[in-house]
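The structure displayed is predicted, hence computed values, not measured ones.
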Amino acid sequence: MTDQARDAVIGVDVGTGSARAGVFGLDGRRLGSAVRPIRSWRPQPDFIQQSSEDIWAAVGDAVRGALEAAGSGISVRGIGFDATCSLVVLDAEGGPLSVDPGGDPAQDVILWADHRASAEADEINAGDHAVLRYVGGRISLEMQMPKLLWLKRHAPETWRRAGYFFDLPDYLTFRATGVAARSLCSTVCKWTYLGHEGRWDGDFLRAIGLGALVDEGFARIGTEILPIGAPIGQGLSDAAAAAFGLRAGIAVGVSAIDAHAGGIGVIGAALDGVAPDGAGLRARLALIGGTSSCHMAVAPEAAFIPGVWGPYFDAMIPGFWLNEGGQSATGALVDHVVTTHAAYGEVARRAEASGQTIYQVLNAVLDDLAGADGVAMLTADLHVMPDFHGNRSPHADATLRGMISGLPLSASIEDCARLYLATIQGIAYGTRQIIETMNDQGYAIDTIWLTGGGSKNPVFLRAHADATSCRLMLPDEPEAVLLGAAILGSVAGRVYPDVRGAMAAMTRAGTVIEPDRGVRVYHDRKYRVFRRMHADQMAYRALMGS
């Protein structure tokens, strides 16, 4: 390196559809970033699979691209990883094992959104297991224990040959270092590890039919559980260094789930002015919106909230308890509603002709339609229940389905825009319901720190501010998930002594959006419709005997 070398850290984020890498200065300023797509396969309904080799190749390309974008003279002090909470299955040598019903050997990842383990989740929830208190009272079929039970029953050869079961964030650090350490974040939030007690619950695993994991000393699911940001092994391995175009030995930090990295990347700015005991954090929610949405809140004491995941100790901010609400499909739902509409072709043509995104086109249509009452009022007679992929919080019911009320006998581009708006409003009402549920149990949330894809859409932002009556705070760094991963790398590289110190040094507040009190009554009415739609769906099920 030259005398002009700039110290930096790298954050790597693997989402549902892409791998991203960002190079950040030690002050948290982004110097360069790159994104590469990753593939998914859907062999049958409720099955969504990926390939760990495809993901790792995309990660390597993204890191090289981010370094190129950052320019010459970069001295990398540390690397941090985050990813979706997907399940990766490898053999004893670290090679992929198929999770595909058809046996495709490359498809070794069960995506977080995969719902194949519905029966297994129901079976686990039927038991009176103490660990379920720490997942909001019901385990989700998105979590790993139902998926492991599914593998044991439906893919016994894969189960037998498996040498490692990894959460995807931990797979990335395994590929980066060769060390099979697991993250406290992943194991506590998705694997029922009791982080506050530092142990697996063997009795629970035996009771649900996974006693083999206990008998083998938890070797396949993790015996070394480390706090986020801790350095792993000897750092970047020779093979990973070659893939990234970096030197071997660079510090690699223990990983986090992508939403939790986003929480780190935004809540850091929210720490400003908070008392040392963190009591003021009860008023602040981190909303990480992408394919799905996660609603992260922390407090000094544990809060047991039915239908809200957690409480998880040390899972995001060390020393604090985390509660995590969520919506199983948000960005994915908006995409689905728009792209399946009869007018989508016209939307796409306008977008291509104008050099805009389809959502910029729809936002412009809404502006043209809006009268003196404003955009929000365009959906007075159109209502969407957004649980198309089930409800994560607060109902914790993956069998719920979406509903639309108020469709006209037309399918114009204006109709598409209204339905798009009603869908976003429905998602915002879901956030309001999650916040109300948390506030009923000791939180006092009045401010949302928001990052992710939705934070780039003014219609999404306005709907969330007005529907929840909360102030929205946007971080100065729009790629806050990437920044959160980079913060983990900075701690591993000893740039900062701990995660909280790194958060304070590397994050800053940006734009503030205040709710429009003038539409509060309107949104209160629509929110009552939203609650009524859920009640109606439950009534329909009762009438049908289901």
Answer yes or no: does atom [atom1] of [X] have more than 12 heavy-atom neighbours from other residues, nucleotides or ligands under 6.0 Å?
| X | atom1 | result |
| --- | --- | --- |
| Arg199 | CZ | yes |
| Asp128 | CG | no |
| Arg541 | CZ | yes |

Considering only heavy atoms from C-beta outward, does the side chain of [X] approach that of [Y] to under 4.5 Å?
| X | Y | value |
| --- | --- | --- |
| Thr192 | Ile139 | yes |
| Gln433 | Phe530 | yes |
| His464 | Arg432 | no |
| Asp415 | Pro408 | yes |

Less than 4.0 angstrom from a charged side-chain N to a carboxylate O is my criterion; do [X] and [Y] meet it?
| X | Y | answer |
| --- | --- | --- |
| Arg20 | Asp13 | yes |
| Glu477 | Arg508 | no |
| Asp114 | Arg116 | yes |
| Arg528 | Asp524 | no |
| Lys190 | Asp170 | no |

Chi angles and distances behind the side chain to side chain contact (heavy atoms under 4.5 Å, CB included) call for His115, Glu142: CA-CA 7 Å; His115 278 194; Glu142 295 179 13; 4.2 Å; yes

Phe460/Tyr359 aromatic ring centres below 6.0 Å: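 No, too far apart.
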
Option among Tyr312, Trp321, Phe313 that satisfies the ring pair (Phe, Tyr, Trp, His ring centres under 6.0 Å) test with His196: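 Answer to the ring pair (Phe, Tyr, Trp, His ring centres under 6.0 Å) test with His196 among Tyr312, Trp321, Phe313: Trp321.
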
Under 3.5 Å: donor-acceptor pair, side chain of [X], backbone of [Y]:
| X | Y | answer |
| --- | --- | --- |
| Asp167 | Pro169 | no |
| Tyr522 | Ala380 | yes |
| Gln537 | Arg401 | yes |
| Ser33 | Arg30 | no |

Distance-minimising heavy-atom pair for Val266 and Ala286: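 Shortest heavy-atom contact: CG2-CB, 3.7 Å.
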
Evaluation steps, side chain to side chain contact (heavy atoms under 4.5 Å, CB included), between Ser186 and Tyr193: CA-CA 9 Å; Ser186 296; Tyr193 183 77; over 6 Å; no

Whether His534 and His395 hold their rings parallel, tilted or perpendicular, with breakpoints at 30° and 60°: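 Taking His395 first and then His534, their aromatic rings lie parallel (interplane angle under 30°).
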
Worked verdict on Arg531 versus Asp536 for salt bridge (Lys or Arg N to Asp or Glu O under 4.0 Å): CA-CA 9 Å; Arg531 299 288 296 266; Asp536 285 349; over 6 Å; no

Worked verdict on Arg418 versus Asp381 for salt bridge (Lys or Arg N to Asp or Glu O under 4.0 Å): CA-CA 10 Å; Arg418 288 191 181 93; Asp381 299 316; over 6 Å; no

